[in-house]
Engineer: 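One structure, as structure tokens, below. Some questions next.
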Amino acid sequence: MIPPPWRVLPHGPRFLFVDRLLELEPGTRAVGRKLVTANEALLTGHFPGNPIFPGVLLLEALAQVGGIAWLGSAPAGTGAVLAGVSGARFRRPVLPGDAVDLEARVIRVLGTTARVQGTARVEGEEAASAELTLARGRA
Amino acid sequence: MELTRRVQEMIVQQLRLTLDAAEIGEDVPLFGAGGLGFDSVDALELVLGMEQHFGVDIPDEEVGRRVLQTVRTMADFVRERQAGAA
């Protein structure tokens, strides 16, 4: 059974950007989903009257799914933290009502670091992609 | 281009360094104090660079520690693997 993301991620309320895990192959790949609603407090500031889910938080969401793809369920204090981002592209805005599918594939692991390819899609259309470097520990 | 130079170029490119490739001495330690001070994230970048630029695989941390010491040890590893494959 695939666990809910709050069971496997160290992140607490207001900073968990994955609502459900859809697929999980620990060490290889994970797919999660984030639902964006008009009620989210952060959308009142980004931007007033023009709510757009911040691209930088799509990267955070991909990093969270990436941590799960790499480590599966890691004990507290040994989770992954973000150590690098490269080649980030944002191709369409993510708006209230969007269901964002977050796919992370582990490209390479070396000891306590990993490189992950992340892609965020809405209805199959790419919204953002990036390569993320994760490092194990502290989270 | 000479292999040593290609390894130097790869390091500069992969880690987005602002120094000239030739400035990385062949025997300067890449990691730790007294050397260039690269860290574990840089190591992962170099592993990916070795794969992409020279087609050689560094399968784990142990091999990584042995190979990613200096420009010379990296070039030697590429030479050894390419000779083995030929």
Side-chain angles (χ1 to χ4, degrees), chain A residues 9-11 25-30 56 59-72 74-90 103-119 128-139, chain B residues 6-19 21 24 28-33 35-78 80-82 85:
Chain A
L9 283 171
H11 306 73
E25 300 165 49
T28 305
R29 181 175 173 272
V56 71
L59 297 182
E60 172 61 28
L62 288 169
Q64 293 184 4
V65 175
I68 297 170
W70 176 26
L71 300 172
T78 65
V81 294
L82 190 55
V85 176
S86 60
R89 288 293 309 269
F90 303 97
E103 180 181 19
R105 289 173 178 278
V106 179
I107 299 172
R108 197 72 165 73
V109 175
L110 184 74
T112 57
T113 59
R115 175 63 62 87
V116 169
Q117 165 68 44
T119 307
S129 63
E131 288 201 358
L132 308 167
T133 306
L134 304 175
R136 192 162 187 176
R138 287 193 292 256
Chain B
R6 284 167 57 214
V7 169
Q8 290 167 325
E9 298 270 3
M10 182 276 277
I11 294 171
V12 167
Q13 193 185 326
Q14 203 72 12
L15 302 183
R16 297 181 179 81
L17 304 179
T18 49
L19 47 83
I24 307 176
V28 174
L30 302 178
F31 294 86
L36 292 171
F38 293 170
D39 62 19
S40 61
V41 172
D42 297 320
L44 177 65
E45 291 289 351
L46 294 182
V47 166
L48 291 164
M50 290 285 269
E51 222 166 79
Q52 288 158 9
H53 288 78
F54 304 106
V56 296
D57 180 39
I58 295 173
D60 55 39
E61 246 187 324
E62 199 189 316
V63 177
R65 265 193 292 271
R66 181 164 61 79
V67 174
L68 303 176
Q69 290 183 38
T70 63
V71 167
R72 189 185 301 277
T73 59
M74 289 171 72
D76 285 348
F77 184 73
V78 172
E80 182 187 302
R81 284 300 155 105
Q82 289 180 342

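Since we're looking at a predicted model, the values are computed, not measured. Proteins get letters first, then strands, A, B, ... in listed order; numbering begins at 1 in each.
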Engineer: To the nearest 0.5 Å, what is the distance between OG1 (Thr113(A)) and CD (Glu61(B))?
Structural biologist: 7.5 Å
Engineer: Are side-chain heavy atoms of Glu45(B) and Ser86(A) found at a separation under 4.5 Å?
Structural biologist: no
Engineer: Which distance, rounded to the nearest 0.5 Å, do you find between the CG of Leu48(B) and the CG of Leu110(A)?
Structural biologist: 9.0 Å
Engineer: Can you tell which part of Val41(B) gets under 4.5 Å to a heavy atom of chain A, answering side chain, backbone, both or neither?
Structural biologist: both
Engineer: Please give me the minimum heavy-atom distance between Leu44(B) and Ala114(A), naming the atom from each residue.
Structural biologist: CD2-C, 3.5 Å
Engineer: Report which part of Arg65(B) has an atom under 4.5 Å of a heavy atom belonging to chain A: side chain, backbone, both, or neither.
Structural biologist: neither
Engineer: Given that the side chain runs from C-beta out, which part of Glu51(B) has a heavy atom under 4.5 Å from chain A: side chain, backbone, both or neither?
Structural biologist: side chain
